[in-house]
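Step one of this worksheet: look at the structure below.
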Amino acid sequence: MKINGLNAAQQEAVLAVEGPILVVAGAGSGKTRVLTHRIAHLIEAYDIFPSSIMAITFTNKAANEMKNRIESLVGPVTSQMWVGTFHAICVRILRRDGHHIGYSSDFVIYDTADQKALIKSCFKALNLDEKQTPIQSFQYKISGAKNDMLSPEQYETLFSKDFRERDFIKLYKMYQDRLKQNQALDFDDLLIKAIELLKNTPDVLKYYQNKFRFIHVDEYQDTNKAQYTLVRLLCAQHKNIFVVGDGDQSIYKWRGADIRNIQEFEADFPGAKIVKLEQNYRSSKNILDMANGVIKNNPRRRDKTLWTDADEGDKIRYYQAYDEKDEARFVVGQIKRLCKDSGYKRSDFAILYRTNAQSRVLEEVLNIEAIPYKVVGGLKFYERKEIKDVIGYLKLMVNPFDDVSFLRVINEPKRSIGDKTIERLNGYAQDHALCLLEACAHVDEIEGIGGKTAEAIKQFYELIKSLGARLDTEFASNIFDELIERTQIIAAYEKERNDDADGRIDNIYELKTVIEEFEKREDVSGLRDFLAEASLKSDQDNISDQEDGVLLMTLHASKGLEFPVVFLVGLEENLFPSYRAQDDDEELEEERRLCYVGITRAEKVLYITHTKNRNHYGRFEPRRPSIFLSEMDQRLIEVMGERPLSAVLKENKSKEHSFFDIKTHKKNPYMPASPHLEKNTSFEGKTFSPGDKVMHKIFGTGMIVTVEKDLKALTIVFDAHGIKKLDPAIAPIKIIG
DNA sequence: GATGCTGCGCAGAAA
DNA sequence: GCGCAGCATC
């Protein structure tokens with residue numbers, strides 16, 4: 001293997017073999033190259049067994065890429081290596097050894113939808129009101145607690161004094177009990193239970209600690225407490241831990257990522273070696289300068305400046321659109337022009353946005369112009385109803401304890417089994433400590449279920465049992481065929497006779513193809529593995545190199561990818577940065593890192609756009625340019641369309657009290673440094689802030705859009721009377737929320 | 001028990 | 001502008 005294709009810093013990282021190593025790798029600095037060469041070097045120069053190497057990546061796609069690149073360096077050695085995401089690696093550990101903590105190897109994985117269904121059933125049992133506490137808020141809380149590694153019991157000890165937490169504590173407990181009963185694990189559990197297993201069974205811990213002499217972690221800046229704990233446990237014996245990350249690209253704080261993991265690496269792992277990769281091989285100089293200019297506005301960061309040998313390249317192209325339609329037309333127009341004039345392929349383009357909802361208009365225009373595209377994320381294949389239904393059947397066959405899947409499919413397609421029947425089944429199951437499927441075997445003993453309904457239940461039970469019994473001996477695709485035949489699930493859609501149903505039928509056939517493909521692979525076995533893989537698919541995993549289409553995705557989904565031409569759209573206040581960053585410096589810094597990630601995805605051409613107006617909740621609203629635009633170096637920008645960015649920014653400033661200026665980032669000497677803070681203004685104990693809903697005696701309901709200095713006037717948009725400017729001292733208004 | 005309609009709440013990012 | 005929950009109706 002050749003080391004000499006690498007620069008000095010890269011070589012230093014690759015050649016450091018033993019002990020803890022942190023590679024601070026800026027965007028596009030060749031970290032995958034370093035990781036793959038390092039692993040190849042271990043195998044080739046030190047005769048390390050591939051089976052003692054683990055590499056944890058952020059997506060399955062990255063894992064596969066890494067395997068391929070290692071094999072192209074040293075041949076087919078990766079089948080014995082453990083390369084995968086945190087979740088996939090935990091599944092592997094739990095399948096093998098989960099029985100030590102009470103999980104059979106047939107456990108199923110609950111995705112967010114399954115999780116929601118389970119929480120819902122707990123809500124019912126606990127008599128909680130969905131309207132008072134939305135299920136989703138508890139869903140986030142459970143995930144948050146698990147990311148911080150708090151069990152229901154630990155959570156209770158910490159918060160039992162707070163009466164507002166009482167419902168949640170009860171719910172969290174019940175949720176966790178039911179997961180166990182169902183032999184199911186949610187995403188966060190995969191980590192938590194793997195850690196629990198290692199901590200509670202010394203022999204198992206020793207086995208893995210012994211086995212893995214070299215452990216690698218990619219995107220280390222985005223690890224959370226649980227992931228960090230797992231890594232520490234695994235590498236405790238050999239202490240050969242090699243992590244790669246970039247604090248400036250930490251964008252997952254909201255799902256528990258703890259940036260301190262990378263900041264305190266040296267303290268956590270004494271004797272750590274640090275290597276910085278600062279040469280960028282991806283982007284033109286202008287793009288890199290633009291990125292550096294934005295990220296340097298973050299006060300707390302390891303100082304690091306990416307540089308490049310590359311040419312300046314094109315200027316950053318800037319366009320202010322009238323509204324989101326205009327923005328989309330501009331983007332698509334540029335794509336068409338570049339394809340025609342500059343020889344770009346459609347797959348050279350990526351359109352990046354802050355929120356998934358922004359994809360709709362872009363898709364509409366791409367459709368009109370007949371340009372093929374692919375949206376990454378959004379409604380995923382495995383989240384579609386018909387797919388979840390079929391998968392639900394398969395899950396139930398593998399694991400009869402899975403009540404969530406049972407409830408999902410018992411009346412799908414319609415078997416005339418409604419709420420009443422389910423309630424009775426459930427009552428019987430609870431009384432006799434059975435799972436719902438087993439309760440079906442006793443349907444004759446259950447009062448109130450008889451005739452046609454009882455018959456349907458018996459048939460359902462027989463179906464699951466008989467197919468389930470053949471899982472280990474027959475091809476999954478055969479079982480799949482029989483399932484479709486006996487449930488008549490496709491036949492039911494055929495009866496509907498509409499496009500929607502036709503699409504669903506296609507999807508079910510597509511699922512069959514996927515299963516058949518899966519069966520051909522050698523590195524996996526059986527339906528269990530298939531189901532786990534299906535649950536753990538990430539958005540990025542679905543990006544195919546084959547298709548020639550424009551890619552649309554969120555900035556988050558774009559992490560780790562690169563494209564010749566990038567469009568960064570919707571650079572507007574309260575969209576990007578998100579409105580949630582308004583009063584929160586840390587959030588704003590994370591948004592800025594997200595902006596940095598977006599800019600550094602571009603290799604040759606970068607476009608930035610924003611709109612003057614945008615439809616939001618179906619309402620046409622004025623927009624203000626993003627603070628990030630004002631942080632960009634104007635000399636790097638080329639204006640497309642008529643108005644220069646400097647004029648747009650200046651204009652925005654001068655209209656301080658206008659309708660177009662709901663909130664300004666102006667520095668106020670009486671407030672902390674954040675330009676994002678704006679204090680409410682108060683009047684005789686009343687406070688008024690933009691965004692407040694008000695009730696006026698004559699004009700009815702409306703919303704405050706601006707509050708003038710010293711509360712001289714309020715601009716309010718009334719639902720029925722339009723815009724009014726009123727004096728809060730005399731106007732008959734009150735805040736209604 | 002199935003089906004179709006209406007209105008509310010909403011959209012911050014995800015394995 | 002969309003999807004889901006709840007309700008009315010068959």
For the side chain of A:Glu591 and the base of B:dG12, is some donor closer than 3.5 Å to an acceptor across the two? yes
With heavy atoms under 4.0 Å as the rule, sort [X] into base, sugar-phosphate or nothing.
| X | result |
| --- | --- |
| A:Thr421 | sugar-phosphate |
| A:Lys380 | sugar-phosphate |
| A:Glu587 | base |
| A:Lys120 | sugar-phosphate |
| A:Tyr110 | nothing |
| A:Phe58 | nothing |
| A:Asn615 | nothing |
| A:Gln540 | nothing |
| A:Asp111 | nothing |

Distance alone, cut at 3.5 Å: any donor-acceptor contact between the side chains of [X] and [Y]?
| X | Y | answer |
| --- | --- | --- |
| A:Tyr322 | A:Glu327 | no |
| A:Gln358 | A:Glu324 | no |
| A:Arg178 | A:Ser121 | yes |
| A:Gln183 | A:Tyr103 | no |

OP1, OP2 of [N] versus side-chain N and O of [X]: anything below 4.0 Å?
| X | N | value |
| --- | --- | --- |
| A:Asn411 | B:dA2 | yes |
| A:Asn60 | B:dA15 | no |
| A:Arg580 | B:dG12 | yes |

Select from A:Asp539 and A:Thr453 the residue whose nearest nucleotide in DNA chain B is closer to the 5' end of that strand. A:Thr453
Given DNA chain B, 5'-ward residue of the pair A:Gly418 and A:Leu536, judged by closest heavy atom: A:Gly418
By nearest atom, which of the nucleotides [options] is closest to the [X] side chain?
| X | options | value |
| --- | --- | --- |
| A:Ala557 | B:dA13, B:dA2, B:dA14 | B:dA14 |
| A:Tyr140 | B:dA13, B:dA14, B:dA11 | B:dA14 |
| A:Thr355 | B:dA15, B:dA14, B:dG12 | B:dG12 |
| A:Arg360 | C:dC2, C:dA5, B:dA2 | C:dC2 |
| A:Lys414 | B:dG12, B:dA2, B:dA14 | B:dA2 |
| A:Tyr252 | B:dA14, B:dG1, B:dG12 | B:dA14 |
| A:Ser538 | B:dA2, B:dA13, B:dA15 | B:dA15 |

Students often mix this up, so state it plainly: with edges at 30° and 60°, are the rings of A:Phe530 and A:Phe518 parallel, tilted or perpendicular? perpendicular
Output the rounded distance in Å from [atom1] ([X]) to [atom2] ([N]).
| X | N | atom1 | atom2 | result |
| --- | --- | --- | --- | --- |
| A:Leu191 | B:dA14 | CG | P | 19 Å |
| A:Gln136 | B:dA13 | CD | P | 11 Å |
| A:Gln139 | B:dG12 | CD | P | 15 Å |
| A:Tyr579 | B:dA13 | OH | C1' | 11 Å |
| A:Tyr617 | B:dC10 | OH | C1' | 5 Å |
| A:Lys146 | B:dA15 | NZ | P | 18 Å |
| A:Arg614 | B:dC10 | CZ | C1' | 17 Å |
| A:Phe187 | B:dA14 | CZ | P | 13 Å |

Residues, nucleotides or ligands: over 12 heavy atoms within 6.0 Å of A:Glu586 CD: no
Smallest heavy-atom separation, A:Tyr596 atom then A:Ala291 atom, equals CD1-O, 3.5 Å
Using the rule for Phe, Tyr, His and the six-membered ring of Trp, do A:Trp254 and B:dA13 stack at under 5.5 Å and under 30°? yes
Span that lies between the P atom of C:dC4 and that of B:dA13, in whole angstrom: 16 Å
Across all strands shown, which nucleotide pairs with C:dG6 by Watson-Crick or G-U wobble geometry, both distances under 3.5 Å? B:dC5
Could you please name the partner base of B:dG12, counting Watson-Crick and G-U wobble pairs only when both distances are under 3.5 Å? none
Taking the side chain from A:Asp106 and the backbone from A:Asn399, do they hold a donor-acceptor pair closer than 3.5 Å? no
